[in-house]
Structures are given as structure tokens and as C-alpha cells.
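Quick notes on the structure that follows.
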Amino acid sequence: MFKIFTKVLKIDENNIDFNKIKEAAEVIKNGGLVCFPTETVYGIGANAFDENAVAKIFKAKGRPSDNPLIVHIESFDDIYNLAKEVPKKAEILADKFWPGPLTIILQKKDIVPKITTAGLDTVAIRMPKNKIARAIIKEAGVPIAAPSANISGLPSGTSFKYCYDDLFSKVDIIIDGGICEVGLESTVINISDDKNIILRPGHITKAQLEKALPNVFLDEHLESLNSKVKTPLSPGMKYKHYSPNADLFIVLGNFDKATYKINELCKNHNLNNEKCGVLCFDQYKEKLLCDNIFSLGNVDDLSYCAKHLFENLRKADDRGIKFLYSFDIPKNDLGFAISNRLYKAAGNKIIRV
Ligand code: TXA
Ligand code: MG
């Protein structure tokens, strides 16, 4: 692929250098690409109204052209430039959850190019909370289409380092704005017709959404996770997403039995000189006999696990791990979104104990 000069700009969210914001906004206005932090993950952004600029995003990521982008706005009124109609329920959700990690899908206006929505009649809209992201959108004066800043198929970038690893020489600017607070992409809800359907779970949970709106449903593809995975699904390529290079397996079952099983597997890998690692809750660390442990934090507070999940997958690759095992994640609240990503990353490869 054609290489371009990438400039790195370090910006402190709590002490924003507006000259750097202007420089990034200028690139967006001129049809270029900027990687910037949001509270969820880093995004790779372009002017959502500029077809050529949006095409560059697909190219830089190697993203299939049938996967639509999320359009980021700075103030609620920007929604009227994108959505054909703004129903009362959009106002209710925005009032409660914006700025923040919620993406709302509505019918699109004709002005939104088809490439941005991958040919759909709907558009996904989000108002991020991160101040750097907000400042760039405001200064650019246009909505910014931005998928997660990673090569398609790899774990989403949650820090500058991983954006840089994936997208250096493919974008004009990468902003170093530290580590993302949430670490998982936004919750996506489709309210473009009379139903309210969660398409992607995230930090904002179904229970929280239900408090704001009656009748919120999970998309049927998410239901299997909700009702426990029934049979080990085939590790079909169809599911490849967020995947590390390491072969990732989820060890399902009682944590003590899981620990025993993982120790057994790691022992065999060591005998075969195969580098292995474990994604492990801190409570079980001491019982594990493995040199490469990646912390999922405390099982009773999953915010650490969410924040560091993608980072852990990337770190495992950095260390050259070939076989990676993970404890299962409790599926309540935030755990539902974490499980969704972890199971996809593992291509649904499960070991039951
Ligand atoms: O937190 C986030 O949402 C991050 C940050 C950068 O804002 N962005 C992000 O974008 O995760 P991306 O492209 O990696 O994921 C967007 C998801 C995809 O699953 C896509 O299929 C879905 O949103 N999506 C976007 N527009 C849609 C639409 N009109 N209808 C249905 N799904 C849509
Ligand atoms: Mg993504």
C-alpha cells in the first residue's frame, strides 16, 4: 500500500493544546485521516461527508466495504445534519447517555454518503465523551466518521502504541492521548424503526438502556451468549474479529477446575517448547503455573478487565505467545460486552472443564 507521512501529536486531555487540535482539524477538513482517542477505543477518523476521505479509512484498515462506520458528533444539534428524523426516543437516550459510549442508529439523510453507511439507509451516530475527540470534531466543523483504529480483524486499539503499530504510514496524524478509559467499543442500538435493538453490547448495558426506554431487545446473534454458549461453535473464519495471532481458547467452568486444566495444558506446551499464556483474574493467579500471565483484574470489578482486554491480547502477541487461554468472564452487566469480544477474539473456541 502507498505510504504516507504520519505525524504524531501528543495531547493531554486535561490540558489541551489547541494548536495541535487545529492542526488535526485542518487535516480532517482537507480530506485526510486522523487517529484520535475516545473514551472507548481509538478511532481512525475522516470527514463523514467526504466520500474520498472515507474511502481512505476503508483502505487504511483493510475494512470490508459492507461494514458501515460510526459518525461522531460534538453537540446534539449535529444529529439533525445526519438523521432524516429524530424521534423522541433518540432525545431520551442522548439526554441520558451522551456524551458517552452509546451509538444510536437512525434513518439517514441523503447528504450522508453511501460509502459512510456501507449502502444502508441508516446512519450510526455517537457523541464521544473524550475531550480531545470533541475538540477535533468541533474545530473541524464536520461530523467525523471513525471506526476503531486497528487493522481489520485485529484487537481494537486502546492506546497510542497499538494505533501506531497498526496505522503508522497509513494516516496523516496519530494523536497520542493516553489510554482509553473504557477499553471496549460503544454499545450500538438501532432505534431507526419502531423496535429498539442492541446490535453490539458495550459499557452501557441493556439494563441501563431499559431504564430509559421500554422494550429494548438484544439482536438474535447476541442471544446465544446470553443463554450460555450451547455447543462449542466451530472456529469458523466467519467469527474472526478482535483476534490476536495467538491461538486463543476460553476455558469454561468452575474456576478451580479451570485453573487445574490450564496448568495441565501449559505443562504440555512447556514440554513441547511452545510459548503459552493465560488471561487470568487476580484471585487465581497464585495457583497458576505459567510464566506469562495477563491480568483481567478482580473478578468482582470488571472495569479493569474491560479496559485492558484488547491490550492484553496485543501484549500476548508482542511476547510471541502461541497458545493463549482465558478464564471465562461472568456475563452479567459489563461482563456481557467483555464476553462478546472475548468469544469473538477466540473464534468461539471453548474448552469445557
Ligand atoms: O466506541 C466505538 O464505537 C468506536 C469509537 C472509535 O467511537 N468505534 C467503533 O467503530 O467501534 P467500528 O467501526 O469498529 O464499529 C462500528 C460498528 C460495526 O459493528 C458496524 O457494523 C456497526 O457499528 N454499524 C455502523 N453503522 C451501522 C448501521 N447503519 N447499521 C448497523 N450497524 C452499524
Ligand atoms: Mg472495530
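All ligand and atom numbering here is 1-based and tracks the order in the structure.
Remark: Lys344 fails to qualify as a cation-pi partner of Tyr242 under the 6.0 Å distance and 45° angle criteria applied to the six-membered ring.
The protein non-hydrogen atom at the shortest distance from atom 20 (C) of ligand 1 is Asn67 OD1, 3.2 Å. Atom 13 (O) of ligand 1 has its closest protein heavy atom at Arg63 NH2, 2.8 Å.
Only side-chain heavy atoms of Leu199 come within less than 4.0 Å of ligand 1; its backbone N, CA, C and O stay farther off. Using a 4.0 Å cut-off between heavy atoms, Ser186 contacts ligand 1 through both its backbone and its side chain. Within the 4.0 Å heavy-atom criterion, neither part of Thr117 lies near ligand 1.
Counting only non-hydrogen atoms, the option in Leu184, Ile105, Ile70 that gets closest to atom 28 (C) of ligand 1 is Ile105. Of the candidates Val182, Ile189, Thr122, Val188, the one placing a heavy atom closest to atom 29 (N) of ligand 1 is Thr122. Among Pro68, Cys180, Gly157, the residue whose heavy atom sits closest to atom 22 (C) of ligand 1 is Pro68. Checking Arg200, Met127, Lys61, His203 against atom 19 (O) of ligand 1, the nearest heavy atom belongs to Arg200.
Among the atoms of Ser152, no N, O or S atom is found under 2.8 Å from the Mg ion (ligand 2).
Summarising the local packing, OH of Tyr164 is surrounded by 12 or fewer heavy atoms from other residues, nucleotides or ligands at distances under 6.0 Å.
Those atoms of ligand 1 with a heavy atom of His72 less than 4.0 angstrom away are 5 (C), 6 (C), 7 (O).
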